[in-house]
Amino acid sequence: MAEIVDQTAQTSHFAVDRDVCEKRRSWLPLAVLVFLTIAVRLPGVSRPLVGQFATKNAVYAMIARNWASGRSPFWLPMIDCQAGGQRGLHLLEVPVAAYLAGAGWAVFGGSLDVWGRATSIAFSAGGVALLFLLVRRWHGDRAAAATALVLALSPVSVIFGQSFMLESSAIFFILLALAGVERWLVTAGWHYWLLATLSLSLMAMTKVFLLVMLLPLASLVVRKLASVDGKRRRRWLAGALAMALLGAAPAAVWCGVVASISARDNPLSTQVYYSFCRSTSVHSFPSPLLVAPEFYLRLTKGLVGAGLTPIGFGLAAVGLFHKKARRHSAWLLASAILVVLLPGKFFELRYYLLLLVPALAVLAGLGWEAVSTRLPAPRLCGVLSLATGLCCSLWFVAGPAWLTPREDCSVTTAAAAFRRLPDDGAPVATLHGAAPDLLYYCDRPGWALSVNDSHLDATLERCRRQGARWLVVADLASFDRNPAEPVIRRLPLVKAGQDYRVYRLSAE
């Protein structure tokens with residue numbers, strides 16, 4: 001009898017060990033994916049905010065610094081570029097991720113640039129983890145791993161997922177809203193309802209136009225309503241409507257505030273440097289780009305290249321015809337609506353492609369599920385596909401994400417030289433390409449002028465009349481090509497170094 005009991009206990013012990021091992025194995029792919037996501041983004045984390053899309057990086061860094069320094073409330077993002085004689089208001093969105101970076105910098109110190117990049121990396125890793133977990137529940141481990149790999153190694157995801165920008169946080173909030181709604185519909189837990197509502201609110205505050213994601217969220221609710229009846233259906237419907245209204249309310253209120261501030265009769269309107277009201281007027285609907293073949297050719301080329309890589313795009317094309325792809329029709333439709341609403345953004349700005357990647361990555365996961373079952377050696381082919389995809393990704397990523405262009409190397413040096421001058425608090429004019437990165441590093445309100453300005457001398461005179469006392473120039477080669485260069489060189493030279501100069505605009 002004792003032997004039987006002993007054998008039973010031993011069998012039970014082995015069963016527990018087996019369950020523990022299986023649980024560990026089930027989480028191992030997720031851990032590897034998160035590690036890979038972070039690893040390919042880390043090499044550029046300490047770079048200054050210069051190079052490609054330096055304007056966006058510098059703008060969000062300015063907003064974070066001004067908020068963390070107490071110069072502006074969070075609902076009125078402020079940059080260092082002057083408007084109306086003061087730092088300008090940048091009312092395009094409420095940049096939640098930038099404020100998180102600013103809070104970390106204010107509390108723990110260090111480099112704001114690193115905090116901004118690290119915040120984006122954290123959101124990127126969180127987005128990959130959420131997408132893996134979602135697709136694993138929907139379609140299983142194989143599709144989930146392929147989907148998460150496509151998002152983790154997407155060149156635009158790597159480049160802008162380590163930049164001081166909002167795109168990786170927007171993707172995270174989208175996926176968190178999807179996960180929250182799905183778990184709420186399965187468990188009826190109020191905490192999942194709160195999570196989904198908060199995620200929806202943060203998503204809309206980050207990018208107002210992402211309210212199109214209400215479409216796939218609504219499709220999940222409709223599927224649930226079809227499976228219940230009577231009182232239960234009414235309760236689920238009431239909960240879903242309350243979630244949508246409460247989630248969208250903060251963004252709607254903020255948009256109303258911005259519209260009021262931007263009105264001509266509002267005294268604050270002169271301080272508005274840029275706003276979504278101005279963006280809407282510039283990008284009219286319907287756009288002529290929608291009937292231009294060049295637009296669709298460029299969009300496809302972007303998705304095949306920096307969006308998904310050829311491997312990911314090919315798998316997504318296969319996955320589109322998978323029978324399980326119908327489940328994601330609403331998500332794909334929401335992505336298509338974004339392209340129709342904002343064709344100019346997708347045509348001009350590569351980082352907008354990132355908003356299309358998650359839905360297409362799910363198709364790529366389904367594509368891999370369909371293809372891998374027909375391969376003679378699926379594991380070997382999987383490794384080869386991963387290696388090829390990684391090489392394709394690194395081809396697009398290495399320069400923009402990891403390297404500082406030579407013409408941008410003098411930005412931080414020039415700004416440091418300027419900051420060593422006595423701080424008289426006067427505004428400064430900066431000249432480096434057409435971006436405000438040099439102004440950001442000068443840490444002073446002022447103007448970011450363009451080397452392509454054919455009337456640069458007149459522009460500088462206007463800055464001087466508004467109180468500017470200094471002109472800081474970096475990348476002298478591009479500056480030398482401006483027609484006003486001989487006039488500007490006659491200004492009093494205060495400091496000079498390798499590829500930068502500091503001039504005085506006004507007399508002492």
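Values reported hereafter were calculated over all heavy atoms of this structure, with side chains retained and with hydrogens, waters and symmetry mates removed. Values in this document were obtained by computation on a predicted structure and should not be read as measured data.
- When each of His328, His322, Lys324 is paired with His139, the side-chain hydrogen bond (donor to acceptor under 3.5 Å, both in side chains) condition holds for His328 and for no other.
- Taking the ring centroids of Trp67 and Phe74, they lie at or beyond the 6.0 Å cut-off.
- Ring geometry, Tyr351 versus Phe160: the interplanar angle exceeds 60°, so the pair is classed perpendicular (tilted spans 30 to 60°).
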* Asked: Between Cys255 and Phe276, does a side chain to side chain contact (heavy atoms under 4.5 Å, CB included) hold up when you go through it step by step?
  -> CA-CA 8 Å; Cys255 288; Phe276 74 85; 3.7 Å; yes
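- A side-chain N or O of Glu182 and one of Trp138 form a donor-acceptor pair less than 3.5 Å apart.
- Summarising the local packing, OH of Tyr273 is surrounded by 12 or fewer heavy atoms from other residues, nucleotides or ligands at distances under 6.0 Å.
- Residues Arg87 and Gln271 have side chains that never bring a donor and an acceptor to within less than 3.5 angstrom of each other.
- For the 3.5 Å distance criterion, the side chains of Ser157 and Arg41 qualify, holding a donor opposite an acceptor.
- Nearest heavy atoms, Pro48 versus Thr412: CB-CG2, 3.8 Å.
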* Asked: When you look at Leu130 and Ile171, which way does the side chain to side chain contact (heavy atoms under 4.5 Å, CB included) test go after all the steps?
  -> CA-CA 10 Å; Leu130 282 172; Ile171 297 301; over 6 Å; no
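- Checked for salt-bridge contact, Asp80 and Arg65 meet the test: a charged N lies under 4.0 Å from a carboxylate O.
- Within the model, atoms CG of Asp113 and OH of Tyr440 stand 4.0 Å from one another, a figure rounded to the nearest 0.5 Å.
- Cation-pi geometry between Arg136 and Trp27 is satisfied (NZ or CZ under 6.0 Å from the ring centre, within 45° of the ring normal).
- Taking Val304 as the reference, Thr300, Pro310, Phe313 meet the side chain to side chain contact (heavy atoms under 4.5 Å, CB included) condition, with sequence neighbours excluded.
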Side-chain polar contacts of residues 202-211 - donor-acceptor pairs under 3.5 angstrom, sequence neighbours left out - could you list them?
| from | atom 1 | to | atom 2 | distance (Å) |
| --- | --- | --- | --- | --- |
| Thr206 | OG1 | Leu202 | O | 2.8 |
| Lys207 | NZ | Glu167 | OE2 | 3.4 |

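- More than 12 heavy atoms of other residues, nucleotides or ligands lie within 6.0 Å of CZ in Arg233, so this atom counts as buried by the packing criterion.
- Residues Ser154 and Ala306 share a closest heavy-atom pair of OG-O, 3.9 Å.
- Between Gly365 and Ala146, the closest heavy-atom pair is CA-CB, 3.9 Å.
- Using a 30° and 60° split on the angle between ring planes, Phe173 and Phe123 fall in the perpendicular class, above 60°.
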